[in-house]
Structures are given as structure tokens and as C-alpha cells.
S.K.: 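Structure provided below as C-alpha cells; questions to follow.
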Amino acid sequence: IPIPLEDSHEFTEKDLQFAERYLRTHYDLRPNPAGIMRKSGNTVAAKLREMQAFFGLEVTGKLDEETYELMQKPRCGVPDVGE
Amino acid sequence: YNFFPRKLKWSKMNLTYRIMNYTSDLRRNEVDRAFRKAFKVWSDVTPLNFTRIRSGIADIMISFGTKEHGDFYPFDGPSGLLAHAFPPGPDYGGDAHFDDDEVWSDDSKGYNLFLVAAHEFGHSLGLEHSRDPGALMFPIYTYTGKTGFVLPDDDVQGIQELYGKSGTVYSIFYVTITINSPVTYFNYNTSKILLFCAMTRNLKYILFFSTRFFWRLHPQMVEAELVLLKSFWPELPNKIDAAYENPIKDLVFMFKGKKVWALNGYDIVEDFPKKIYEMGFPKEMKRIDAAVHVKDTGKTLFFTGNKYWSYDEEAEVMEAGYPRLIEEEFAGIGDKVDAVYERNGYLYFFNGPLQFEYSIWSQRIVRVLHTNSLFWC
């Protein structure tokens, strides 16, 4: 899934996959079958915004260094939001 | 604090838990204790009760697993996801799973099992993640240090919104000083005082005994309230030598001469009084001067004459290598103890007119006070 990036930091493919998995696990990001428009609420940017708001980070909807760093921290597997 | 959608919660106060398997990182009794303490974090502030069962289906089934472990929410190897739990409900509801690719510990090394379990059991009871970085229910692991854990207010408010506040259940923590002078003219300065702290869930009393009476003092009260001992415990003798509470078993032990009584709230436990030698003391020992339970170590220290003993409450045995000389271990407090109590990592030794504040952590006296400073004299 294309992830909006803050251009101040170089993320590897592996980083992006980790970020996507994080948003799936904790922010209910659902996969988007190819070719079907996604409801705005379920875009990666929206989920990033949700996570940034939850942790009190600057809400940009883009993956930046601070957000990625927080994703690295050991944590509980229960989602932060969503069903 | 947040709740799960539809504010999922248990419809009963008495819940069961079962430990299905163990991590090889800790001894079994360390895992048992970590989970027991983790449940007590929540039962201390609500009417909830947790009972361990060892067979069948419990409300909260606890297990260690790695990667895909049967619930289609796989763990991810070392670090990253540490554990997860399901909100209240049938089947998986309430269950808590711990990633056994982590290194679990009962201190700051690896991940502290008690802390992670207390967090996961918050989910088991219906709390979702909190946005408060200081809350136990904040999703990121933070080691909060060795000294006594206190449930942050955000979590207390959340869980009490689901289950209400706890009832007036007493739990008691003791100091032991014995009065030698008659009650009628109690003189703080010279006489020895028998104290114990009674703690209701949200009130904290200090109770102190004399020969036939005890005084009840609330921290915000100036005057102590005098109560006849036998009005609480008719079977107990007057003039008690020593007493302490075992918070793990929720029992209070009282000593007089060669006998010991066990109290559960206001009831005396069956088969008591027993002889103190059944605890491991020599048969010729006549009495115990003072006793104190140290929560963090799970040991109870008994002082008699110029010596002291250490009793392992978990294993229910007297520790090897005792008795030891008081002066050797607690240099500076004198060679006898009238009374002692523990609070927030400090032991307060009373010897005659003086009170010694001893830091368990740094193992030295940090302050000397007057015995009667407890009464703001």
C-alpha cells in the first residue's frame, strides 16, 4: 500500500511494510483490493492521523521519523482503536 | 481511559482465572505471584474478586505462546508485540496471552511480567488503551521501577466506571509495639505502643493496641478513637505481643506468648491459635517482640530479644541461616525491637523513646524520630 511519507527521512521497503502492519494491527487499516476506491476513512493517511492523534504526535497523516520511532516501541498487541 | 465498543464488561464480580502454562524465564511461583499481584491491582479498587482454578474453563484463561498460537492474532518474535488480551465475553473473552519469545522477569530486566499482566488484565476486564502516557493502560511498555506499584488515577477512574468502587473491606497492615503501662494513663513518651494500620479500600486507619483497648486513628483525625479489643475479636487475649498482615493471603497474624492467631477480617481462622514453634521457631522460644511483612520480598521478619528471623510466606518456611543478630543486619537501631512497621520501602523500628527510619533499598538508617512522632506529639 502506498504510504504518505514525510520527505525528511529515508524509509526502506522493510520499514514501510512494518508501518503498514502496525496500522493494520492497531488502527484497523484494512487491505484495499487492487482497483477499488477506498473510503476516505480507511486510507493510510487517515490511519496515520488516528495514530498520531492517539499518541499526541503532530498530526500530519504522513509517516515521519517520530511516528515511525514510536511504532518501534514494545507494546501491547490489543488495537488502540476500532472494533 | 477508554472502553471497548458497547462498553463490554463482566456481569459478575467473582471471576476465575487459570494459568494454562508457564514461561521458562521465571520459576513457577514467581509467575503465580506476578499474576496474583496483577489481579490484586484491580481487585484493590473495585468489588471484583479473582479466584484461581486449576482445571476446567475459567473466565480468564492465561497462557504463553509464540507467533501464531491459536487465535489468529500472531505474535511477532522478540520485542514488538509483548502480549494481548480479549475484552470480557464467552470463549476467548477475557483471555490473556503472553509472547514467550520475550524475556519475562520480575524486575527491570526483559519485560516485567507483573506490569504487562496488570495491563492485559485491564483489557480482560473491559478497559481499552488509554491516551494518558502515565496510565497503566497506555499501550507502550514502560518499566515503573521496583518499589510498590500504585495504580494511576486514570485507570482507577476507568475501572470504577465499569464496576464501581470497592466495598468497605478491611485489609490490615501492622505495626507492633506492646504497651507495658496500664491504659488509663497512657504516656506516649515512655510506654511501648501496639499499632496496626487498618486500611479500608479508600480509608486508611492506624489502629494501636493497649492491654485491653486499641485506638483507631485516621490520618486526617487528630484524636484517636478508643475501642475495646474484645469488641472486635472476643476470642483474642488482651495484651498482644506482636502482629502483622500477610497481604498475599489476606490474613492477619497476632502473637501472644507462644501462641499465634490468624484473622481474616473479623473472623479467626480455623485451627488457630497454633504454637509458634509450628512456624519453625525453637520450642523454647517464649514470645515474639515484633513482626513486619515486607511486601516486595514476600518475607516476614520476626524480632525476639537481640535476634531476628526471616520467614518465607510463599514457601511457608523459616529461611535458613537465621536467627541473626539484629545489630549485625540493622546497625544502629539497638539490640532489640519494640515495634516495627513497613511503609513505602522503609522499615520504622521503635526502640524505647526512639523510632529509626531504615531504608530497605539502601539498607541503612536515614532518619531518627521520636516514638511519639506518630501522634504528631
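Below, read A as the first sequence line, B as the second, and so on, with proteins coming before strands; counting in each chain starts at 1. Values in this document were obtained by computation on a predicted structure and should not be read as measured data.
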S.K.: Does atom NZ of B:K7 have more than 12 heavy-atom neighbours from other groups under 6.0 Å away?
M.R.: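 Yes, because the 6.0 Å sphere around NZ of B:K7 holds more than 12 heavy atoms from other groups.
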
S.K.: Taking side chain as everything from C-beta outward and backbone as N, CA, C, O, which of these in B:E120 sits under 4.5 Å from a heavy atom of chain A? Side chain, backbone, both or neither.
M.R.: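 Interface part for B:E120: side chain.
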
S.K.: Give a yes or no on this: more than 12 heavy atoms of other residues, nucleotides or ligands lie within 6.0 Å of atom CD of B:E314.
M.R.: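 Counting other residues, nucleotides and ligands, CD of B:E314 exceeds 12 neighbours.
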
S.K.: Out of B:L82, B:L81, B:D99, which one racks up the most heavy-atom pairs below 4.5 Å with chain A?
M.R.: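 The answer is B:L82.
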
S.K.: So does B:K249 have more than 12 non-hydrogen atoms from other groups sitting under 6.0 Å from NZ?
M.R.: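 Enclosed: over 12 neighbouring heavy atoms sit under 6.0 Å from NZ of B:K249.
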
S.K.: Mind telling me whether B:F138 and A:F54 have parallel, tilted or perpendicular rings, with 30° and 60° as the class edges?
M.R.: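 Parallel: the ring planes of A:F54 and B:F138 meet at under 30°.
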
S.K.: Heavy-atom distances under 4.5 Å only: say whether B:T142 touches chain A with side chain, backbone, both or neither.
M.R.: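 Interface part for B:T142: neither.
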
S.K.: More than 12 non-hydrogen atoms from neighbouring residues, nucleotides or ligands closer than 6.0 Å to CD on A:E66, yes or no?
M.R.: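 Count not over threshold, so no.
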
S.K.: With a 4.5 angstrom heavy-atom cut-off, is it the side chain or the backbone of B:Y111 that approaches chain A, or both, or neither?
M.R.: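 Just the side chain, heavy atoms under 4.5 Å.
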
S.K.: Can A:L70 and B:I140 be said to form a side-chain contact (heavy atoms from CB on, under 4.5 Å), step by step?
M.R.: CA-CA 9 Å; A:L70 200 129; B:I140 305 277; 4.0 Å; yes

S.K.: Does atom CZ of A:F18 have more than 12 heavy-atom neighbours from other groups under 6.0 Å away?
M.R.: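 Atom CZ in A:F18 is packed in, count exceeds 12.
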
S.K.: With chain A as the partner, which of B:R131, B:H123, B:H84 has the greatest number of non-hydrogen pairs under 4.5 Å?
M.R.: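 Greatest number of close heavy-atom pairs with chain A: B:R131.
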
S.K.: Is the closest side-chain heavy-atom distance between A:H26 and B:P139 below 4.5 Å?
M.R.: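 No, side chains not in contact.
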
S.K.: Which heavy atom of A:C76 sits nearest a heavy atom of B:H129, and at what distance?
M.R.: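 Nearest pair, atom of A:C76 first, then B:H129: SG-NE2, 3.4 Å.
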
